[in-house]
2 protein chains.
Amino acid sequence: MATKCARCPLRRLEMFVPMSPEEVRVMDRFKVGELTVDAGTPILQEGSNALQLFTVLRGIGIRYKTTESGRRQVINFVFPGDFLGLQGSVREEMTHSIEARSKMTLCVFNRSELFGFIKNNPERAYDIIWACATEEHFLGEALTTLGQRTAMESVAWAVLRLFERAEGLGLVENATVELPLRQQDLADALGLSLVHTNKTLSKLRERQFIGWTDGHITVPDTAKLADVAGVEVEAAQPRPLM
Amino acid sequence: MATKCARCPLRRLEMFVPMSPEEVRVMDRFKVGELTVDAGTPILQEGSNALQLFTVLRGIGIRYKTTESGRRQVINFVFPGDFLGLQGSVREEMTHSIEARSKMTLCVFNRSELFGFIKNNPERAYDIIWACATEEHFLGEALTTLGQRTAMESVAWAVLRLFERAEGLGLVENATVELPLRQQDLADALGLSLVHTNKTLSKLRERQFIGWTDGHITVPDTAKLADVAGVEVEAAQPRPLM
DNA sequence: CGGGAAGTTGAAGCCAGTCAAGATTTGTGG
DNA sequence: CCACAAATCTTGACTGGCTTCAACTTCCCG
């Protein structure tokens with residue numbers, strides 16, 4: 001049985017902007033179902049023209065593109081509250097793929113109803129714009145990382161941002177998150193080889209800036225890690241939840 | 001005297017989605033003025049909280065971020081029809097700067113009126129989402145370029161995409177565009193050193209894939225250049241014009 | 001207990017960065 | 001209109017951070 005939006009566990013989190021009961025009811029009507037998938041399942045495919053939009057309720061995923069030469073670029077990591085499939089709805093087709101990294105639960109919406117929904121709910125249109133602008137901000141930072149930072153700075157940056165997102169979602173206990181990511185995912189996100197990513201992680205571990213064992217990431221001091229990365233710690237901004 | 005939207009030279013171009021006369025009138029009321037700046041002028045600053053939104057009417061610019069260590073990452077190039085300052089309107093502040101590379105003319109809108117405007121014009125909300133999703137698509141491709149492609153592929157990719165955008169705007173004559181970009185801009189966009197960018201451009205010139213002299217870029221055969229870059233030629237999609 | 005996926009470590013080579021100097025173009029004031 | 005300065009482009013030589021190749025370890029699951 002699908003979760004009622006009013007009972008959505010995410011809405012209780014401080015990081016999400018509250019909605020009025022009426023607004024929640026509207027979301028409930030827009031929602032057409034729920035999808036649960038296992039780790040490793042593709043959710044949206046590059047080049048496809050999916051009929052659905054999703055919001056992540058539970059679980060972690062990755063967005064990635066594949067080049068003609070068979071290499072893979074991880075664009076971003078997907079966390080609960082993220083909105084998936086907008087590109088496929090607004091443009092002709094998806095330009096990246098999304099795959100589950102853990103078991104995931106997704107709220108499903110009909111793409112064909114999107115325009116009508118926006119028309120009647122301008123606040124939600126604004127929320128979508130917010131999400132999109134935020135994604136753009138992140139990608140700009142990622143681009144700067146790949147273009148201008150050393151491997152050491154890049155890895156520190158990526159671990160920091162992952163940790164910060166998890167923290168906002170209350171997934172951090174004892175300065176530790178469980179994230180089912182492989183070193184290969186991180187390497188592909190940063191444009192580094194697996195070998196070099198591994199060696200860089202080792203150095204960061206050695207110097208006690210991070211812990212990364214067995215899918216558990218520890219950051220004892222985000223300020224110190226931010227310093228290694230050459231960036232500022234980013235305070236979690238309240239975000240809208242669709 | 002500010003140009004009336006009904007007489008906007010961009011609207012005549014095939015690449016922009018037509019608007020009804022009434023829609024154009026609404027845009028005209030939203031527009032509060034026009035801004036003309038010289039090459040080199042900063043238009044929006046990273047970290048600032050600008051009160052204005054812009055649409056580019058004429059001229060070329062660059063978006064870029066600066067790192068703490070003083071390096072510069074060019075995020076994207078700005079062309080006529082582009083919408084500027086959305087991030088500053090929706091989020092707390094701009095996360096990148098925008099600077100004119102040629103003399104530019106911009107249509108000015110009030111940021112404070114944006115929400116009301118969206119509310120009353122859901123088609124425009126959809127257009128903003130479209131623009132944002134398209135930017136996201138581009139940034140994903142840029143990320144893939146920096147992360148996975150060689151210098152030769154990267155430079156070919158960048159020149160190709162610049163050329164394609166210019167072509168859609170009717171700026172290409174005899175397979176040539178005039179773009180007031182320095183090699184340093186291209187280098188900073190691709191995360192390459194100026195020296196290596198220069199040498200790579202030389203090779204592409206030698207092999208007749210491109211011409212780049214004196215701010216004039218020539219691409220005799222986009223398909224061949226796309227082949228070097230390892231990407232597909234991207235057909236110009238019709239885009240909304242605010 | 002065997003096999004595959006993920007992580008670890010060492011060694012060798014190269015792509016791209018850095019340093020340096022000169023050529024060419026552009027701008028500016030006398 | 002010339003002279004000088006500043007910006008941009010070009011080319012060569014050297015260096016090093018990261019990639020690639022390869023082997024080994026650890027962990028898990030049937």
Side-chain angles (χ1 to χ4, degrees), chain A residues 38-40 60 62 67 69-74 99 101-102 145-159 178-206 210-218 228 230, chain B residues 38-40 62 67 69-74 99 101-103 145-159 178-206 210-218 228 230:
Chain A
D38 283 330
I60 307 293
I62 55 172
T67 68
S69 55
R71 304 188 56 151
R72 183 182 74 149
Q73 175 68 39
V74 171
E99 190 178 304
R101 266 280 154 276
S102 69
T145 297
L146 297 225
Q148 310 301 335
R149 295 194 234 271
T150 63
M152 182 65 77
E153 292 167 333
S154 295
V155 172
W157 171 81
V159 172
E178 189 182 347
L179 287 180
L181 300 174
R182 296 172 302 207
Q183 296 188 355
Q184 185 71 64
D185 294 327
L186 188 63
D188 287 348
L190 297 172
L192 297 170
S193 69
L194 172 61
V195 173
H196 199 61
T197 303
N198 179 289
K199 287 174 182 170
T200 307
L201 278 172
S202 295
K203 277 182 200 157
L204 284 169
R205 240 174 340 204
E206 218 171 77
I210 64 163
W212 177 306
T213 32
D214 198 27
H216 289 74
I217 299 178
T218 307
V228 175
Chain B
D38 284 330
I62 55 172
T67 67
S69 55
R71 304 188 60 153
R72 186 182 73 150
Q73 175 67 42
V74 171
E99 190 178 304
R101 266 280 153 275
S102 70
K103 188 178 176 183
T145 298
L146 297 226
Q148 310 300 333
R149 296 196 232 273
T150 63
M152 182 66 77
E153 292 167 333
S154 295
V155 172
W157 171 81
V159 172
E178 189 184 346
L179 286 180
L181 300 175
R182 294 172 304 204
Q183 295 187 358
Q184 185 71 64
D185 294 327
L186 187 63
D188 288 347
L190 297 172
L192 298 169
S193 70
L194 171 62
V195 172
H196 199 61
T197 303
N198 179 289
K199 287 174 182 169
T200 307
L201 278 172
S202 295
K203 276 184 202 157
L204 284 169
R205 240 172 342 202
E206 218 170 77
I210 63 163
W212 176 307
T213 33
D214 199 28
H216 289 74
I217 299 179
T218 307
V228 175

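First the proteins, then the strands, lettered A, B, ... as listed; each starts at 1.
- You'll find the side chain of A/Ile217 stays beyond 4.5 Å of the side chain of A/Ile210, heavy atoms only.
- Residue A/Gln184 contributes atom CD, which lies 9 Å from atom P of C/dG7 at whole-angstrom precision.
- Between B/Gln183 and D/dT10 there is a side-chain polar atom (N or O) within less than 4.0 angstrom of OP1 or OP2.
- Straight-line distance from the CD atom of A/Glu206 to the C1' atom of C/dT8: 13 Å, rounded to whole Å.
- Paired with B/Asp188 under the rule side-chain hydrogen bond (donor to acceptor under 3.5 Å, both in side chains), one option of B/Arg72, B/Arg71, B/Arg182 passes, and it is B/Arg72.
- Using a 4.5 Å heavy-atom threshold, the side chains of A/Val228 and A/Leu204 count as touching.
- Atom CG of B/Leu201 and atom C1' of D/dT8 are 13 Å apart (whole Å).
- Taking only side-chain nitrogens and oxygens, B/Arg182 never comes nearer than 4.0 Å to OP1 or OP2 of C/dT25.
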Would you tabulate the nitrogen or oxygen pairs shorter than 3.5 Å linking the protein to nucleotides 17-25 of chain D?
{"from": "D/dC18", "atom 1": "OP1", "to": "A/Ala151", "atom 2": "N", "distance (Å)": "2.9"}
{"from": "D/dC18", "atom 1": "OP2", "to": "A/His196", "atom 2": "NE2", "distance (Å)": "3.2"}
{"from": "D/dT19", "atom 1": "OP1", "to": "A/Gly191", "atom 2": "O", "distance (Å)": "3.3"}
{"from": "D/dT19", "atom 1": "OP1", "to": "A/Ser193", "atom 2": "N", "distance (Å)": "3.1"}
{"from": "D/dT19", "atom 1": "OP2", "to": "A/Ser193", "atom 2": "N", "distance (Å)": "3.0"}
{"from": "D/dT19", "atom 1": "OP2", "to": "A/Ser193", "atom 2": "OG", "distance (Å)": "2.8"}

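- D/dT26 atom P lies 21 Å from atom CH2 of A/Trp212, rounded to whole Å.
- The side chain of B/Arg205 places an N or O atom within less than 4.0 Å of a non-bridging phosphate oxygen (OP1 or OP2) of D/dT10.
- Screening B/Thr200, B/Asn198, B/Thr197 for a side chain to side chain contact (heavy atoms under 4.5 Å, CB included) with B/Leu186, the sole residue that qualifies is B/Thr197.
- Looking at A/Leu146 and A/Gln73, their side chains come closer than 4.5 Å, going by heavy atoms from C-beta outward.
- The side chain of A/Asn198 contributes an N or O atom lying less than 4.0 Å from OP1 or OP2 of C/dT8.
- Using a 4.5 Å cut-off on side-chain heavy atoms (C-beta onward), B/Leu192 and B/Val155 make contact.
- Rounded to whole Å, atom C1' of C/dA6 lies 11 Å from atom CG of A/Asp214.
- Within the 4.5 Å cutoff, side-chain heavy atoms of B/Gln183 are placed close to those of B/Leu194.
- For the pair B/Glu153 CD and C/dA16 P, the interatomic distance rounds to 9 Å; values are reported in whole Å.
- What separates NE2 of B/His216 from P of D/dT8 is a distance of 18 Å, to the nearest Å.
- The distance from atom CG of B/Leu146 to atom P of C/dC15 is 19 Å, rounded to the nearest whole Å.
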